[in-house]
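Just below is one structure, and these are the notes that go with it.
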There are 2 protein chains.
Amino acid sequence: MSSERTQASPATSVPLVEELAAVIRERIYTQRYATGSWLRQEQLSAELGVSRTPLREALRILDREGLIQVHPSQGARVITGDLPTLLKAYELRAVIDGLAARLVAERNDPASGRLLGRAIEAQLGTLDPWEPREYTQSNVDFHEHVLHLSENEFLVKQSAIIRLTAQVFAPVALVGPDAARRAIGEHRAVVDAIDAGDGPAAERLARAHIEATITQLRSREDAAPPAE
Amino acid sequence: MSSERTQASPATSVPLVEELAAVIRERIYTQRYATGSWLRQEQLSAELGVSRTPLREALRILDREGLIQVHPSQGARVITGDLPTLLKAYELRAVIDGLAARLVAERNDPASGRLLGRAIEAQLGTLDPWEPREYTQSNVDFHEHVLHLSENEFLVKQSAIIRLTAQVFAPVALVGPDAARRAIGEHRAVVDAIDAGDGPAAERLARAHIEATITQLRSREDAAPPAE
DNA sequence: GTTGAATCGACTGTATCCAAAGATGAAGGC
DNA sequence: GCCTTCATCTTTGGATACAGTCGATTCAAC
């Protein structure tokens, strides 16, 4: 950005606010804006080549999504990714993911299984030479696909919590290739249940998948002090 | 509002944006702004005595909460309360309420049961001379209490979906005193499980409580055509 | 060493201007 | 008669400038 908006982009059609929110969101996800760092309106608007008017609306959106916290008269800062916060986010994710999986299973659309199958293939591709960054992305992709396939608009809006837990808190919740392999296996079990049209099983498996992560993280809770 | 902001309100301390969002939100909840109606920026800012800048941020918040839909270059309109949409919202609510109840039960704080007990008493008070409006409010209060007692910030942010289903869609999901009495009984069962510290039971009961409503509404799905 | 005032940086809110996008309706062509 | 097209009008979208307010820091005074 920073200049392409001025004369280029003939037919964007997407509101600038959404675009801004997306760009900032992505930069938080990719750690370009570190957790806990301050986002200055003046600086951001200059950096993105926009005025503060749409920027403030974008920040308001991200605040609502839980990605940043707007402190009145002080500014906005990227959410800090300490372990207790992460665990609380995962608690919500467990039931969200469970519900989404159940709805997809109950819709019983063969295309769902195929799409999710390809997503799992993509995940496997990040294992052989272990690519943590690509794995994280493919993991997010899988869960976002499930969410969107549920075709429940209220559920789709919860998408932020998935990327929050899986990407923003990545340094906290870092996994190795062994844990990744286990996670992919659990994904496949969920997809099998979806293919079978077994809603309750899909929900149980998807939820257990996240709760396994919770248990794993909670075991570290005493060992590692909350990183500042 | 409309004049008290200009010279009065010496130490509000809460940002205007939040105040605006709260006022508009409340007016949607209380049907002052009907579902499906357009919210004009110019008119709203005049009506509330504020400029368009903070108003637009407030609208952006409400859009994110799902209360209104901002159509680019066209304006914002209050969400339309048709039955399919309501059912989708309830699907999410079922797992949200279930999780909240479980967390409260697991926290095992005696004060929780007492607070919720009083909330139920308040609900019973709206039955004898049947007061639909008061009942709806007391019903929302009960569920909001559970949400807040969970002490999970991510869960608390889901508060909007409770009021959306219970208040905005009230005309669609209208209940009579008989259904209300049943609902209060189910509330008491949830509180009993919370008092007993039985997390899984609390979750199962709270979730079944909402799902009973879903089943009830779904039976109307063919009978009543979506009201415009 | 603590208290308190001054200052500075940053956000908050207002007002105004202009551009762009939809909606509307009338005129004109088929 | 119906459809298209063009002009217009309303409303939102975005930029800019300016007046407040809040918080944190600093520095002097006690």
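Note on naming: letters A, B, ... go to the chains in the order of the sequence lines (proteins, then strands), and numbering restarts at 1 for each one. Every heavy atom of this structure was used, including side-chain atoms; hydrogens, water molecules and symmetry mates were not.
Across dG14(D), dT12(C), dT14(C), the shortest atom-to-atom separation from the side chain of L16(A) is found for dG14(D).
Taking atom CG on L44(B) and atom C1' on dT14(C), their separation rounds to 17 Å, with Å as the unit. Between the CD atom of E57(A) and the P atom of dA15(D) there is a distance of 11 Å, rounded to whole Å. As rounded to whole Å, 13 Å separates atom C1' of dT12(D) from atom CD1 of I68(B). Rounded to a whole Å, the CD atom of Q69(A) is 16 Å from the P atom of dC11(C). Remark: C1' of dT11(D) and CZ of R52(B) are 8 Å apart, rounded to the nearest angstrom. Atom pair R77(B):CZ and dT12(D):P shows a separation of 13 Å (rounding to whole Å applied). Counting to the nearest Å, the P atom of dA20(C) and the NE2 atom of H71(B) are 23 Å from each other. The CG atom of L55(A) sits 12 Å away from the C1' atom of dG14(D) (whole-angstrom rounding).
Taking the six-membered ring where tryptophan is involved, the planes of H187(B) and H209(B) are perpendicular, since the angle between them exceeds 60° and thus also 30°.
In terms of the ring-ring contact (aromatic ring centres under 6.0 Å, His included) criterion, residue partners of H71(B) (sequence neighbours excluded) are, by chain and number, W38(B).
Nearest-nucleotide assignment on DNA chain D puts the 5′-proximal partner with E42(B), out of E42(B) and T53(B).
Evaluation of atom-type donor-acceptor distances gives a pair under 3.5 Å for the side chain of R56(B) against the base of dG14(D).
Side-chain atoms of V140(A) and Y29(A), non-hydrogen and from C-beta on, never get closer than 4.5 Å to each other.
At most 12 non-hydrogen atoms from other residues, nucleotides or ligands lie less than 6.0 angstrom from CZ of R133(A).
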Worksheet entry | Working for side chain to side chain donor-acceptor pair (under 3.5 Å), residues D82(B) and T85(B) | CA-CA 6 Å; D82(B) 57 296; T85(B) 305; 2.8 Å; yes
**OP:** Output, in order, the C-alpha distance, side-chain angles, deciding distance and verdict of salt bridge (charged side-chain N to carboxylate O under 4.0 Å, His left out) for R25(B) and E19(B).
**Re:** CA-CA 10 Å; R25(B) 194 184 291 125; E19(B) 194 179 330; over 6 Å; no
Sub-3.5 Å pairs of nitrogen or oxygen atoms, protein against nucleotides 4-10 of chain C:
unit_1	atom_1	unit_2	atom_2	d
dA10(C)	O3'	R40(A)	NH1	3.2

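Salt bridge absent: R60(A) and E65(B) never bring a charged side-chain N and a carboxylate O closer than 4.0 Å.
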